[in-house]
Amino acid sequence: MSNLSRRTFLKQNAILGLGAALSPALPSIAFPSVSTPAILGGTPLFKTEWPKWPRWNPETDEPRLLEVLRSGIWSRADVTAEFEQQWANALGMKRSLLVVNGTSALTIALNQLDIRAGDEVLIPPYTFIATAAAVLANGAMPVFVDVDPETFQIDPSRIEAKITPRTKAIMPVHILGLPADMPAILAIAKKHNLVVIEDACQAHLAEVNHQKVGTLGHAGCFSFQNSKNLAIGEGGAIVSSDDAFMDRCFSYQNFGYPYGNRVGSVSTGSIRQGSKLRITEYQAAIGLAQLARLDAETTTRNVNAAYLKSRLAAIPGIVPYKLYDHVTRGAFHLFPFRYQQQAFNGLSRTSFLKALQAEGVPCSSGYATLNDQLFLKDAFASKNFRKVYSRKMLNFNEYVARNACPMNAQLCNEEAVWFTQNMLLGTRQDMDLIADAVARVHQHSDTIRKQTNG
Ligand SMILES: *Cc1c(COP(=O)(O)O)cnc(C)c1O
């Protein structure tokens with residue numbers, strides 16, 4: 001630091017300190033500088049735009065889409081089959097099945113693995129509601145297994161304590177696009193003869209030991225919702241190496257007609273209880289355009305995430321995610337870290353987020369706790385549930401107590417902070433600016449806390 005800038009720095013800090021101590025009403029905006037945090041009137045560190053999401057390139061992406069639109073063949077047909085083949089190839093699988101969304105993919109997969117009323121399914125609480133909703137939709141009971149706060153993933157060491165004679169499946173979620181500890185989970189599943197359905201809805205192209213997640217269990221499910229790393233708007237996929245299972249899933253999403261039935265032929269008759277969860281051809285055309293970019297984007301996210309992690313780890317009170325040793329690639333749908341308030345002079349997470357947002361860095365506190373929400377109580381009050389489960393099992397307060405997950409509560413209520421995947425598509429300089437913004441908030445945390453009552 002030069003003499004001049006050092007003097008300026010000291011003067012500004014003296015003024016800020018005075019402002020805080022004597023006159024909270026003193027408008028700090030009168031003293032903007034490079035070092036003053038934006039929330040106290042300084043210039044935001046981040047001035048450029050973040051990469052937009054989803055991406056769309058008219059030149060490369062529109063010809064195929066227009067061709068589909070002009071063809072008049074809009075219901076499931078050859079373009080859907082082409083996307084399914086390409087998605088399977090990207091995962092190193094023989095086939096995949098495209099359906100309307102990730103929630104349906106999970107619901108169908110559970111259903112066709114015969115997870116039904118009376119069964120228990122082990123899931124982590126640190127996830128999107130769809131994981132639990134898919135279990136309930138089949139009349140089965142979600143049982144929550146607490147997470148490892150270092151990885152944000154289901155904690156394998158807590159699984160066996162939750163297994164009962166009713167447990168039929170484990171549904172690990174590769175949450176935030178970081179792979180769960182699959183070797184440990186698969187070993188437990190094998191020992192207890194449990195089905196494994198991977199919720200890979202946030203984990204496109206993530207890998208464990210060079211194998212894509214979603215291909216490691218009996219079935220894997222993906223989402224192509226607008227925010228996801230492969231965005232169609234809505235869409236989902238099921239993968240499995242079990243051909244008979246894949247045939248059944250196909251049949252399910254097409255009214256229970258036998259596998260191979262072409263859309264439009266109605267005379268075959270249905271062979272199983274199903275529904276109609278078919279994707280359209282124009283959605284598949286959008287998917288093909290997005291898939292062409294996915295691998296390169298995934299590499300960019302991995303490189304930027306590793307660099308950002310190394311910079312953030314140097315800031316006291318910031319504890320970035322940990323990857324398991326066997327993870328060979330992340331998907332980084334989100335970039336998570338734990339915020340430790342004590343190292344920021346007691347500045348609350350809410351105020352930390354506001355200060356970071358003021359610097360031009362979008363961030364959030366992520367999920368609320370899932371395992372105590374009222375949708376569970378609502379399901380338990382339904383006629384179907386009351387016919388299958390005992391009164392005791394359906395007592396909501398007892399359920400919440402039985403499913404308490406303190407590590408998850410700590411992440412949700414106190415520590416977790418997320419950056420979104422599109423930020424990781426920025427430049428290395430963008431990553432430096434994110435880290436600089438966090439460092440700036442850390443440096444001024446005491447003043448920020450005093451001046452914002454946070
Ligand atoms: C997005 C998501 C789903 C559901 O996918 P949709 O396509 O939105 O239905 C399921 N699980 C997780 C973890 C998700 O993030």
Side-chain angles (χ1 to χ4, degrees), residues 53-54 83 87 96-111 115 121-138 140 142 144-145 147 151-154 169-180 182 185 196-206 213-214 217 219-239 249 252-253 275-280 283-284 286-287 290-291 294 301 321 330-336 364 366-371 373 375 408 411-412 416 418-422:
W53 193 262
F83 179 88
W87 182 237
S96 82
L97 173 70
L98 199 55
V99 292
V100 287
N101 54 47
T103 308
S104 299
L106 290 166
T107 307
I108 299 169
L110 284 164
N111 187 277
I115 307 301
V121 179
L122 305 179
I123 62 171
Y126 201 72
T127 185
F128 184 59
I129 183 175
T131 313
V135 177
L136 294 173
N138 285 297
F144 291 95
V145 177
V147 292
T151 61
F152 296 77
Q153 309 300 315
I154 189 168
I170 309 177
M171 203 149 77
V173 183
H174 306 289
I175 202 64
L176 316 178
L178 313 181
M182 288 307 290
I185 293 165
V196 175
I197 299 126
E198 296 173 73
D199 181 340
C201 285
Q202 296 186 1
H204 314 74
L205 304 190
V213 306
C221 297
F222 293 88
S223 167
F224 306 122
Q225 185 270 341
N226 228 56
S227 70
K228 303 295 162 82
N229 293 14
L230 196 162
I232 296 180
E234 299 293 349
I238 303 171
V239 296
C249 290
Y252 186 103
Q253 59 91 48
S275 187
K276 188 202 194 190
L277 299 158
R278 298 188 316 225
I279 200 89
T280 64
Q283 286 171 291
I286 293 172
Q290 305 295 349
L291 182 52
L294 180 63
R301 289 189 191 97
Y321 64 87
F332 293 101
H333 179 57
L334 292 144
F335 180 105
S364 79
Y367 290 127
T369 54
L370 185 68
N371 45 326
Q373 290 185 22
F375 70 93
N408 177 65
L411 285 180
C412 294
W418 293 356
F419 299 137
T420 51
Q421 53 86 10
N422 63 306

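None of these values were measured; they are calculated from a predicted model. Order of listing sets the numbers, starting from 1, for every ligand and every atom in it. Computed over heavy atoms, backbone and side chain alike; hydrogens, waters and symmetry mates excluded.
Rounded to the nearest 0.5 angstrom, Asn229 CG and Arg301 CZ are separated by 4.0 Å. Atom OG1 in Thr151 sits 11.5 Å away from atom CD1 in Ile175 (nearest 0.5 Å).
Checked against ring-ring contact (aromatic ring centres under 6.0 Å, His included), Phe152 has the following partners two or more places apart in sequence or in another chain: Tyr126. Every residue two or more places apart in sequence or in another chain that forms a side chain to side chain contact (heavy atoms under 4.5 Å, CB included) with Ala134 is listed here: Leu106, Thr107, Leu110. By the ring-ring contact (aromatic ring centres under 6.0 Å, His included) test, Phe332 pairs with Tyr321, sequence neighbours left out.
Between Phe222 and His204, the ring-plane angle classifies as tilted under the 30° and 60° cut-offs.
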Distances under 3.5 Å, N/O of ligand 1 against N/O of the protein: list each pair and its distance.
residue	atom	partner	partner atom	Å
ligand 1	5 (O)	Ser223	OG	3.3
ligand 1	7 (O)	Gly102	N	2.7
ligand 1	7 (O)	Ser223	OG	2.6
ligand 1	9 (O)	Gly102	N	3.3
ligand 1	9 (O)	Thr103	N	2.9
ligand 1	9 (O)	Thr103	OG1	2.5
ligand 1	11 (N)	Asp199	OD1	3.3
ligand 1	11 (N)	Asp199	OD2	2.8
ligand 1	15 (O)	Gln202	NE2	2.8
ligand 1	15 (O)	Lys228	NZ	3.0

